[in-house]
K.L.:
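One structure, pasted below without further comment.
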Amino acid sequence: MGKGQGMAQERLTGRMAALAAELPVRFFVLAELAEAISWAEQGHVAVHENFSTSSRASLHVISANQGHLLHFCRLCALDPAIIRSAEAFRFWHLDWIP
């Protein structure tokens, strides 16, 4: 992991800790997708890796509780209009580039 990636990971860790003080939120790596979906279907907020490039990382945020995602948007200064319904699953989702 390069210096830039390490600093980005530290920032994400700090943001996740701040979010966890307000919401039932947890980070999952892409290999833990099944666990992330289960966590989200229970009404919690799952943040999992979506894709990553050398310049940015995109995360997928999912929850069966739309109110939690609305609160997530407020905490992260995101437009709540980006929240979408997942047709194949029983949750709401959005993409986040922290």
Side-chain angles (χ1 to χ4, degrees):
M1 179 183 318
K3 183 178 178 181
Q5 287 176 320
M7 289 189 310
Q9 184 62 40
E10 286 176 27
R11 281 194 306 274
L12 178 60
T13 299
R15 290 193 84 177
M16 290 299 297
L19 289 165
E22 300 269 341
L23 290 166
V25 63
R26 202 172 129 201
F27 179 80
F28 298 85
V29 295
L30 199 52
E32 299 172 316
L33 187 55
E35 292 91 340
I37 290 170
S38 177
W39 177 260
E41 287 179 336
Q42 294 172 43
H44 308 298
V45 178
V47 177
H48 71 80
E49 295 174 322
N50 196 13
F51 70 84
S52 188
T53 68
S54 60
S55 62
R56 67 181 189 172
S58 170
L59 303 174
H60 203 212
V61 184
I62 60 177
S63 180
N65 185 324
Q66 187 180 23
H68 282 333
L69 286 188
L70 289 167
H71 192 57
F72 181 94
C73 286
R74 282 191 298 277
L75 294 171
C76 295
L78 300 172
D79 182 351
I82 66 173
I83 298 172
R84 299 283 181 249
S85 172
E87 295 179 19
F89 298 98
R90 296 178 302 269
F91 56 73
W92 301 86
H93 66 102
L94 60 97
D95 291 323
W96 178 39
I97 299 173

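Start at 1 with the first residue, then count along the sequence. The shown structure was predicted, so the numbers you read here are calculated from the model rather than taken from an experiment.
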K.L.:
How close do A46 and A36 get, heavy atom to heavy atom, and via which atoms?
P.N.:
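Where A46 meets A36 most closely, the heavy atoms are CB-O, 3.4 Å.
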K.L.:
Return the minimal non-hydrogen interatomic distance between E32 and F28, and the atom names on each side.
P.N.:
OE1-CA, 3.3 Å
K.L.:
What pair of heavy atoms forms the shortest contact from E41 to F91, and how long is it?
P.N.:
CG-CD2, 4.3 Å
K.L.:
What are the two closest heavy atoms between H48 and L30, and how far apart are they?
P.N.:
ND1-CD1, 4.2 Å
K.L.:
Does any N or O in the side chain of S85 come within less than 3.5 Å of the main-chain N or O of W92, such that one atom is a donor and the other an acceptor?
P.N.:
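Checked: no pair found.
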K.L.:
If I take atom NE2 from residue H44 and atom CG from residue L23, how far apart are they, to the nearest 0.5 angstrom?
P.N.:
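One finds 11.5 Å between NE2 of H44 and CG of L23.
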K.L.:
Among R74, H71, H68, which residue meets the side chain to side chain donor-acceptor pair (under 3.5 Å) test with E22?
P.N.:
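Of R74, H71, H68, side chain to side chain donor-acceptor pair (under 3.5 Å) with E22 is met by H71 alone.
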K.L.:
Just by distance, do the side chain of W39 and the backbone of V45 share a donor-acceptor pair under 3.5 Å?
P.N.:
yes
K.L.:
How many angstroms lie between atom CD1 of I83 and atom CD of Q66, to the nearest 0.5 angstrom?
P.N.:
5.5 Å
K.L.:
So how far is it from F27 CZ to T13 OG1, rounded to the nearest 0.5 Å?
P.N.:
8.0 Å
K.L.:
What's the spacing between L33 CG and I62 CD1 if we round to 0.5 Å?
P.N.:
6.5 Å
K.L.:
Closest approach of P80 and C73, non-hydrogen atoms and distance?
P.N.:
CA-SG, 3.9 Å
K.L.:
Decide yes or no for F72 and L78: does some side-chain heavy atom of the first lie under 4.5 Å from some side-chain heavy atom of the second?
P.N.:
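When only atoms from C-beta onward are counted, L78 and F72 do touch, with a gap below 4.5 Å.
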K.L.:
If you compare all heavy atoms of L19 against all heavy atoms of C76, which two are closest, and at what distance to 0.1 Å?
P.N.:
CD2-SG, 3.9 Å
K.L.:
With a 4.5 Å cut-off on side-chain heavy atoms, are L12 and L59 touching?
P.N.:
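In short, these two side chains touch, coming nearer than 4.5 Å.
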K.L.:
Report yes if the side chains of H60 and D95 come closer than 4.5 Å at any heavy-atom pair, otherwise no.
P.N.:
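When only atoms from C-beta onward are counted, D95 and H60 do touch, with a gap below 4.5 Å.
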K.L.:
Hey, does the side chain of Q42 reach the backbone of S38 with a donor-acceptor pair shorter than 3.5 angstrom?
P.N.:
yes
